Number of protein chains: 2
Amino acid sequence: MDDSGYEIGFLLRRAHVRASAAFKAALAPLGIDARHFAVLHELVHAPHSQRRLVDLIGSDKSAMVRLVDDLERAGLVSRQVSVQDRRVQVITLTGKGTTTLQAAQESAADVTTVLTEHMPAADRQRLTDLLREFVAGPG
Amino acid sequence: MDDSGYEIGFLLRRAHVRASAAFKAALAPLGIDARHFAVLHELVHAPHSQRRLVDLIGSDKSAMVRLVDDLERAGLVSRQVSVQDRRVQVITLTGKGTTTLQAAQESAADVTTVLTEHMPAADRQRLTDLLREFVAGPG
DNA sequence: TATTGTTATACTCTATAACTATA
DNA sequence: TATAGTTATAGAGTATAACAATA
């Protein structure tokens, strides 16, 4: 009985569950979860509108409002009305946000090491590359 | 800026979101979702106790009660008290369950084809193998 | 009219603990 | 005492639609 035709679906679920539990535990001391981390990560190089963050992360706009609410309340980002388009809220990393992001990046890297330490380095790299290819889709 | 140290976490999330949305849509006409499919899939070769299903799938016992409730209500599995241990409910695929599972397997295989048709076949196979390795963990 | 962001709401899923019946 | 299953409940996350402000 060969189920390789659809096994990847089950495997992605198990892999995600395994990884997200580990990331959640690692980020908890910083007061954020993986979704907040994803937002902070997108803001490293430049501020973005909430709309742009939604597109980058693949969330939805009402969920993003609450994520940014959380981050703003924690002092990690700030909201500013755009001068060009006053409908737009520009989200910027604060100094504290930058510090927290760096700590989160270290924790996340440590977790990743633990999650993949049973795999040869080449396999780890190849898995990352193939996931990137899978996620890219037909586009 | 190199984020390869933790990028795999984000990628697994995006990959899982992409795949689960597709599986959900494909299985909806059969009246089940991916979790029900996983349960049916484990019952192909032999009946199992709910406890065993929990271990196989990585769910929890109260969630499993409801999954089996759903499947039993739809006539896809049956519950029978074990003769050896009357605490145990043995879950068995019905004829309708077998038919539905086969349809689900075909839908899932089709979805997988669509999800990976932008990838060379060798990459698809390698991704499956590497995910299996990742999921296995240090054990 | 269309878009950005906000709010409200309902729904699903998960997590937890208490409970039963057996062992 | 411990285990398999059940039930109840609370919480988190998602999805949806209606709304306000601006373009």
Side-chain angles (χ1 to χ4, degrees), chain A residues 13-14 16-25 27-28 31-39 42-43 47-74 77-92, chain B residues 10 12-14 16-25 27-28 31-39 42-43 47-74 77-92:
Chain A
R13 174 171 177 78
R14 296 189 76 107
H16 173 248
V17 167
R18 176 166 185 260
S20 66
F23 277 92
K24 181 177 177 179
L27 295 174
I32 61 174
D33 69 20
R35 299 166 307 144
H36 300 111
F37 180 32
V39 173
E42 295 296 344
L43 296 172
H48 290 299
S49 69
Q50 288 186 198
R51 171 54 200 264
R52 177 101 178 98
L53 288 171
V54 165
D55 290 341
L56 287 169
I57 292 172
S59 178
D60 86 76
K61 62 182 183 177
S62 72
M64 184 57 65
V65 169
R66 264 162 302 195
L67 287 178
V68 175
D69 282 350
D70 294 342
L71 294 170
E72 190 179 39
R73 198 177 309 117
V77 305
S78 66
R79 278 184 168 103
Q80 288 166 277
V81 173
S82 167
V83 182
Q84 286 83 22
D85 181 341
R86 297 184 45 221
R87 292 172 302 182
V88 172
Q89 295 278 6
V90 177
I91 314 302
T92 308
Chain B
F10 291 151
L12 282 173
R13 175 172 177 78
R14 296 189 75 106
H16 172 248
V17 167
R18 176 167 185 259
S20 65
F23 277 93
K24 182 177 178 180
L27 295 174
I32 62 174
D33 68 20
R35 297 165 308 143
H36 300 111
F37 180 31
V39 174
E42 295 297 344
L43 297 172
H48 291 300
S49 69
Q50 289 187 198
R51 170 54 200 265
R52 179 102 177 97
L53 288 170
V54 165
D55 289 342
L56 288 169
I57 293 172
S59 177
D60 86 76
K61 61 182 183 176
S62 72
M64 184 57 65
V65 169
R66 264 160 302 191
L67 287 179
V68 175
D69 282 350
D70 294 341
L71 294 170
E72 191 179 39
R73 198 177 309 118
V77 305
S78 66
R79 279 184 166 102
Q80 287 166 277
V81 174
S82 167
V83 182
Q84 286 84 23
D85 183 339
R86 296 184 45 225
R87 293 172 302 183
V88 172
Q89 295 278 7
V90 178
I91 313 302
T92 308

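As the structure is a prediction and not an experimental result, all values here were calculated from the model. Convention: sequence-line order gives letters A, B, ...; per-chain numbering from 1.
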Next on the checklist: Quick test of your reading of the model: are Arg66(A) and Asp60(A) salt-bridged, counting only N-O distances below 4.0 Å?
Outcome noted: no
Checklist outcome for this item: The residue among Val90(A), Leu67(A), Val65(A) that forms side-chain contact (heavy atoms from CB on, under 4.5 Å) with Gln50(A) is Val65(A)
Item to check | Residue closer to the 5' end of DNA chain D, Ala63(A) versus Gln84(A) (nearest nucleotide) | outcome: Ala63(A)
Item to check | DNA chain C: 5'-proximal contact among Arg66(A) and Val90(A) (nearest heavy atom) | outcome: Val90(A)
Next on the checklist: If I take atom CZ in residue Arg51(B) and atom P in nucleotide dA23(C), what distance separates them, rounded to the nearest angstrom?
Outcome noted: 17 Å
Checklist outcome for this item: Separation of dT6(C) atom C1' from Leu67(A) atom CG, nearest Å, is 14 Å
Checklist entry - For Leu71(B) and dG5(D), what is the distance between atoms CG and C1' respectively, to the nearest whole Å? => result 16 Å
Item to check | His48(B) NE2 to dA4(D) C1', straight-line distance once rounded to whole Å | outcome: 16 Å
Checklist entry - Are more than 12 heavy atoms from other residues, nucleotides or ligands located less than 6.0 Å from atom CZ of Arg18(B)? => result yes
Item to check | Length of the CZ-P vector between Arg86(A) and dA2(C), whole Å | outcome: 23 Å
Checklist entry - Is there a donor and acceptor pair, one atom on the side chain of Ser62(A) and one on the base of dT16(D), closer than 3.5 Å? => result yes
Next on the checklist: Strictly below 4.0 Å: does Gln50(B) bring a side-chain N or O up to OP1 or OP2 of dT6(D)?
Outcome noted: yes
Checklist entry - Aromatic rings Phe37(A) and Phe10(B): how do their planes relate, parallel, tilted or perpendicular, breaks at 30° and 60°? => result tilted
Checklist entry - Within this structure, what is the CG-to-P distance between Asp60(B) and dG11(D), rounded to whole angstrom? => result 18 Å
Checklist entry - Tell me: CD of Gln89(B) to P of dT7(D), nearest whole Å? => result 10 Å
Checklist entry - For the side chain of Arg87(A) and the base of dT3(C), is some donor closer than 3.5 Å to an acceptor across the two? => result yes
Item to check | Atom pair distance, as rounded to whole Å: CE in Met64(A) and P in dT3(C) | outcome: 19 Å
Item to check | Shortest side-chain distance from Asp85(B), nucleotide among dT6(C), dT14(D), dT22(C) | outcome: dT22(C)
Checklist entry - Between the side chain of Asp70(A) and the main-chain N/O of Arg73(A), is any donor-acceptor distance below 3.5 Å? => result no
Item to check | Proximal nucleotide (of dT9(D), dG13(D), dG5(D)) relative to the Val65(B) side chain | outcome: dG5(D)
Checklist entry - Are OP1 or OP2 of dT4(C) and a side-chain N or O of Arg79(A) less than 4.0 angstrom apart? => result no
Next on the checklist: Categorize Asp33(A) for me: base, sugar-phosphate, or nothing, with a 4.0 angstrom heavy-atom threshold over every strand shown.
Outcome noted: sugar-phosphate
Checklist entry - For Arg35(A) and dG13(D), is the shortest distance between a side-chain N/O and OP1 or OP2 below 4.0 Å? => result yes
